[in-house]
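Before any comments, here is the structure.
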Amino acid sequence: MEGYVRAKLDPGFLPMEQVLRAYERDVRAGEHARLTVAIERNHGYCEVETLDVFPDGVDDARNCAVIERLVKTLLWVYGGWHICIHGSRVIYAHLKAAYDFGGPCDFDRGFMSRVYERPFAVEYFEDAAGMPAGHRSAEAIGRHLGGCRIGFDAGGSDRKVSAVIDGETVFSEEVVWHPKEQADPEYHYQGVVEALRTAAGKMPRVDAIGVSSAGVYIDNRVMVASLFIKVPDDAFEKRVKNMYLDAAREIGADIPVAVANDGDVTALAGAMEMGVTGVLGIAMGTSEAGGYIDVDGNITGWINELAFVPLDMQDKAPVDDWSGDRGCGASYLSQDAAIRLARKAGIALDETRKPAENLRVLQAMMEEGDSRARAVYETIGVYLGCAVAYYARFYDIRHVLIMGRVTSGEGGAILLGQAREALGAAAPELDGRIAFHIPDESSRRVGQSIAAASLPE
């Protein structure tokens, strides 16, 4: 643990970025081999990563442990259905087994197969020339505010809707709901329709509807989303996949609709508010959501599912309820993380309460100056700073926009201060180069729904 950033309530925390830096340093110190990883996704897009590793037969265990976490990161940042390996048979065999049916990465395999509607594959290439070449795309997003628009943001513990006329918000509403606990998709559908109708009633007409929602969306269809985790697969196919399009038709048959991942909309909201680009948005709510606006002001088509990106390499890292994996973002940058740390700090919470209710208890204690509550926010700040240091390997980040219930109140400022310190300690070359931002309270509550309103042309 010597030399690693320390987290007050989590002394075993092993930040992924620092573990990877130590690995790279040790590899370069001796004989090494060259490994190439390519991950293909939809439309032939492909991300390629080349790095030095120990040769096969030299510390295979460390090779496999670190590279498996790195490949998982590439998969959840960029998305993909096809992992291609060149340069190490041992690493390939380890990944092949990990992503096989019943393997430790079975959740990842199933998730990506569902998103891209193709069988997941891990393949070895003897000839480097046969490896897929890197291929990226980017497209403009949002910033359309003319006319009468509805922006809807579906969160895990509340839903927000805004009515926007020519860029001015004339109505905003936030309603508590519990979509992750409901197996009947009618609960979700009626909640969406009610929100849209409420906003529509505040304007003379509706010209466009934009939706920000946790999950993965292709052509405005829901492919995978934690909001519907309890919905059976057959009901998901029949009622959920086209839910937002169907709900919009209840408002008007020909109204343009655009649905985007809430993380991308978080980044868009920040980019619009601050007039900047190179924005990584992180929503710290029921889970962790990520989104990215590149330095040209576009979205990249990457999956940006930061909830499943590894952040901690310790053996006893917390396990995510959905994926079953250890040490991933959902357990560190979310209300679940705040509640877990509160208990470690000795704060007694009512097990019968909803997580959002326990988070409010923690926030109230923070407002009263409770030192235990402060330690929770300081620890999450360390998590955040180390996470951003790691994310910067994959994103060109100029600004980090933090949103979500975890950052509300006085704890948010403490969290950010600690994050800045941790970033400088984990990646000194980034110190001062990345700015952290938390929107003011009013824009934090409805900012995503307003940005969502700008999505459709």
Side-chain angles (χ1 to χ4, degrees), residues 5-17 76 155-157 180 214 226 229 262-263 266 280-290 305-314 316-351 353-366 370 372-391 400 402-419 422-423 426 436 438:
V5 175
R6 300 301 299 271
K8 182 174 289 187
L9 295 175
D10 191 356
F13 179 52
L14 286 177
M16 185 68 196
E17 174 62 20
W76 288 106
S157 55
K180 291 186 174 184
S226 61
I229 191 170
D262 61 346
T266 297
L280 180 67
I282 301 176
M284 298 166 62
T286 308
S287 182
E288 180 194 6
E305 284 289 342
L306 300 183
F308 304 111
V309 170
L311 298 181
D312 184 3
M313 285 284 286
Q314 67 172 309
K316 295 182 180 179
V319 177
D320 170 49
D321 288 340
W322 193 14
S323 69
D325 202 352
R326 290 187 181 275
C328 296
S331 299
Y332 293 77
L333 302 176
S334 67
Q335 71 180 10
D336 286 349
I339 293 166
R340 171 175 61 85
L341 292 170
R343 293 193 176 104
K344 293 184 75 169
I347 298 173
L349 296 173
D350 188 342
E351 300 285 347
R353 289 197 188 109
K354 303 289 186 187
E357 294 171 340
N358 275 326
L359 180 62
R360 283 194 288 272
V361 171
L362 177 66
Q363 290 168 336
M365 295 177 67
M366 185 65 243
D370 191 293
R372 297 169 300 171
R374 184 184 183 92
V376 171
Y377 285 96
E378 288 175 343
T379 301
I380 295 175
V382 170
Y383 291 159
L384 176 61
C386 292
V388 170
Y390 186 47
Y391 297 156
V400 177
I402 308 299
M403 297 180 74
R405 285 188 176 274
V406 175
T407 64
S408 294
E410 179 148 346
I414 294 169
L415 187 155
L416 278 203
Q418 202 68 44
L423 173 64
F436 289 85
I438 293 183

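Residue indices begin at 1 and follow the sequence shown.
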Determine whether Ile402 and Ile438 make a side-chain contact, defined as any pair of heavy atoms from C-beta on separated by less than 4.5 Å.
yes
Do Val376 and Met365 pass the side chain to side chain contact (heavy atoms under 4.5 Å, CB included) test, and can you show the C-alpha distance, the side-chain angles, and the key distance before you say yes or no?
CA-CA 11 Å; Val376 171; Met365 295 177 67; over 6 Å; no
Got a donor-acceptor contact below 3.5 angstrom from the Arg326 side chain to the Ala317 backbone?
yes
What's the separation between atom CZ in Phe13 and atom SG in Cys386, rounded to the nearest 0.5 Å?
4.5 Å
Give a yes or no on this: more than 12 heavy atoms of other residues, nucleotides or ligands lie within 6.0 Å of atom NZ of Lys8.
no
What is the minimum heavy-atom distance between Asp262 and Ala289, and which atoms define it?
OD1-CB, 3.4 Å
Are more than 12 heavy atoms, taken from residues, nucleotides or ligands other than Arg340, located less than 6.0 Å from that residue's CZ atom?
yes
Leu384 versus Ala419, closest heavy-atom pair with distance
CD2-CB, 3.8 Å
Heavy-atom side-chain proximity of Met284 to Leu415 below 4.5 angstrom:
yes
CD-CD distance between Glu378 and Gln418, expressed to the nearest 0.5 angstrom:
5.0 Å
List the steps, then state whether side chain to side chain contact (heavy atoms under 4.5 Å, CB included) holds for Tyr391 with Val309.
CA-CA 9 Å; Tyr391 297 156; Val309 170; 4.1 Å; yes
Spatial distance of atom CG (Leu280) from atom CZ (Phe436) [nearest 0.5 Å]
9.5 Å
Nearest 0.5 Å, please: how far is CD in Glu305 from OG in Ser226?
8.0 Å
Spacing of Leu416 atom CG and Leu423 atom CG [to the nearest 0.5 Å]:
11.5 Å
Give every residue pair that meets the side-chain hydrogen bond (donor to acceptor under 3.5 Å, both in side chains) criterion with at least one member in residues 327-339, sequence neighbours excluded.
Asp312-Tyr332
Could you give all pairs that pass the side-chain hydrogen bond (donor to acceptor under 3.5 Å, both in side chains) test and reach residues 379-390, with sequence neighbours left out?
Asp10-Tyr383, Thr73-Tyr390
Measure across Ala426 and Val5 and return the closest heavy-atom pair with its distance rounded to 0.1 Å.
N-CG2, 4.0 Å
Measure the spacing between CD of Gln363 and OH of Tyr377 and express it to the nearest 0.5 Å.
4.5 Å
Residue pair Gly329 / Leu311: nearest heavy atoms and the distance that separates them
CA-CD1, 3.7 Å
Give me the atom names and distance for the closest heavy-atom approach of Ala373 to Leu362.
CB-CD1, 3.7 Å
State, to 0.1 Å, how close Arg372 and Gly346 come at their nearest heavy-atom pair, and which atoms those are.
NH1-O, 3.2 Å
